[in-house]
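Structure, as structure tokens:
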There are 2 protein chains.
Amino acid sequence: MDSVERQASAARVKQVASALEEEIVLGWLQPRERLIEEDIASRFEVKRHVVREAIAELERMGLVERVQNKGAAVRMLSPTEVGQIYSVREALETLAAQQIPLPPRPETISALTKIQGQHAAAVERGDSRAAFRANMAFHNALFGACGNPHLVEIIQSLAQKVHGARSYTAASPVHLARARDDHWAMIEALKASDREKLVQLCREHLSPSRDTYIASLEQRFGKAG
Amino acid sequence: MDSVERQASAARVKQVASALEEEIVLGWLQPRERLIEEDIASRFEVKRHVVREAIAELERMGLVERVQNKGAAVRMLSPTEVGQIYSVREALETLAAQQIPLPPRPETISALTKIQGQHAAAVERGDSRAAFRANMAFHNALFGACGNPHLVEIIQSLAQKVHGARSYTAASPVHLARARDDHWAMIEALKASDREKLVQLCREHLSPSRDTYIASLEQRFGKAG
DNA sequence: TTCGACGTTATTGTTGACAATCCTGATAAC
DNA sequence: GTTATCAGGATTGTCAACAATAACGTCGAA
């Protein structure tokens with residue numbers, strides 16, 4: 001093991017991609033901001049080649065837009081698009097929630113509880129970066145319990161698509177706290193095998209960030225945006 | 001215009017990717033068969049670079065599997081996986097069918113009719129390649145009418161995932177004829193604004209290829225497959 | 001002063017060569 | 001006869017230099 005450098009490049013690509021994803025989600029990279037390949041390469045100490053693939057990945061995820069000979073820029077989602085994506089998310093996450101076997105396996109509960117502990121801690125100390133990660137982990141674990149990995153994969157990819165739209169809420173203490181409470185409530189619903197409650201929670205969990213994003217966008221660019 | 005060579009590479013990548021997709025779907029490339037980058041490069045008269053990206057695309061679509069330093073091979077889907085994917089497809093295509101505005105716009109009907117004419121013609125003359133293309137176009141046009149491009153995109157990607165599993169049915173005259181009849185029936189349901197019928201048709205349209213694939217697989221490898 | 005042509009620079013796209021890795025088959029030892 | 005070892009070839013992964021392109025600023029003319 002000669003340290004970090006000897007990783008498979010595929011791993012490095014994912015590493016760079018998710019690092020960039022985080023920066024976009026947390027708002028460190030603003031919409032319309034360009035992603036310069038060489039800059040990123042030197043910043044992460046990888047070859048441009050790797051950055052290229054990472055950006056291609058981000059493009060596939062819909063976080064970034066690319067045009068010939070002009071490079072990539074973080075993508076700006078229109079309110080319409082965000083609304084459409086959320087409506088699909090709602091349908092799919094509802095579907096997944098309905099398929100989670102109740103009562104859940106004990107491991108599911110313990111895993112969720114553990115992750116949510118980390119999430120709550122991150123929210124407590126205002127660490128939006130850690131909160132973001134824990135939040136993703138929570139949803140993966142939750143929907144992962146539905147037993148259909150392909151459904152989970154789609155839910156994940158949809159969540160990633162609107163990650164870019166979340167820079168407005170990802171750092172907001174109010175929203176983070178609300179998400180935390182929602183998560184605990186979901187765990188309770190699972191424990192109680194209360195499917196109706198669980199589905200309802202999942203559905204309503206989505207609204208805040210969608211509404212906040214759309215509202216802030218309309219405020220900035222006018223209702224026509 | 002200096003001929004085909006002057007295309008943007010992005011376009012060539014997609015071209016190669018969909019050409020390979022076709023070959024996989026039509027069974028010209030068997031499961032487990034390896035995809036040699038240089039071979040493909042020379043076959044399509046593009047650089048290896050382009051092939052690489054195309055294969056990455058196929059990997060993302062789930063048609064192909066890649067391992068470090070060993071390259072890509074067309075992926076073999078287990079019956080379980082196929083079942084899972086189809087169950088998500090069913091949910092999503094049902095959802096989309098429910099969202100198609102009824103009565104549909106005249107353009108929708110005419111577009112579908114035109115595409116289906118091509119499909120029927122292809123089926124008639126046993127041109128499975130053209131039938132495959134027309135089939136894809138039909139479903140895109142149909143679900144595209146639901147008005148949510150993101151939903152359509154997901155439906156498309158799921159269809160692509162099981163394309164590999166379709167090599168068993170894609171060339172079968174019986175299945176092609178059945179698909180053709182289903183399509184005509186869907187158009188009729190649209191014309192009649194019969195939502196219930198439409199949704200039912202979409203749902204049942206999926207079963208044959210799934211069942212055929214699973215059956216053939218279990219026959220080949222035993223129920224344990 | 002403003003507009004447009006032009007050259008410069010920053011950035012991306014492409015290429016071929018090289019390095020690393022894995023598979024195959026042959027040879028030799030047990 | 002079987003297994004272990006090790007070349008040789010085939011294939012993928014990495015790289016750095018080069019070409020192509022678009023953004024930018026400058027200069028000159030109306």
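Below, all heavy atoms of this structure are taken into account, side chains as well, without hydrogens, waters or symmetry copies. So you know, we letter chains A, B, ... as the sequences are listed, proteins then strands, and number each from 1.
- Distances shorter than 4.0 Å separate some side-chain N or O of Arg52(A) from OP1 or OP2 on dG13(C).
- Proximity of Lys70(A) to the phosphate of dT12(C): no side-chain N or O atom is located under 4.0 Å from OP1 or OP2.
- Regarding contacts with the backbone of dG13(C), every side-chain N or O of Arg12(B) stays at 4.0 angstrom or more from both OP1 and OP2.
- Ring pair Phe138(B)/His119(B): centre-to-centre distance not below 6.0 Å.
- Nucleotide dT21(D) holds its C1' atom 5 Å from the CG atom of Asn69(A), rounded to whole Å.
- A donor and an acceptor atom, one from each side chain of Tyr86(B) and Ser207(B), are nowhere located under 3.5 Å apart.
- Aromatic ring centres of His205(B) and His139(B): separated by under 6.0 Å.
- Between His49(A) atom NE2 and dT14(C) atom C1' there is a gap of 12 Å when expressed in whole angstrom units.
- Between Gln68(B) atom CD and dT14(D) atom P the separation is 7 Å, expressed in whole Å.
- Within 6.0 Å of the CZ atom in Arg125(A), the count of heavy atoms belonging to other residues, nucleotides or ligands exceeds 12.
- Distance, Glu53(A) CD to dT14(D) C1': 11 Å, rounded to whole Å.
- Between the side chain of Glu124(B) and the main chain of Ala121(B), no donor-acceptor pair closer than 3.5 Å is present.
- Contacts with DNA chain D (heavy atom under 4.0 Å) in residues 33-47 of chain B: Arg34(B), Leu35(B), Ile36(B), Glu37(B), Glu38(B), listed by number.
- Residue Ala96(A) comes nearest to Cys146(A) through the heavy atom pair O-CB, 3.5 Å, listed as atom of the first residue, atom of the second, then distance.
- In this structure, the nucleotide among dA23(D), dT12(C), dT15(C) sitting nearest to the side chain of Arg48(A) is dT12(C).
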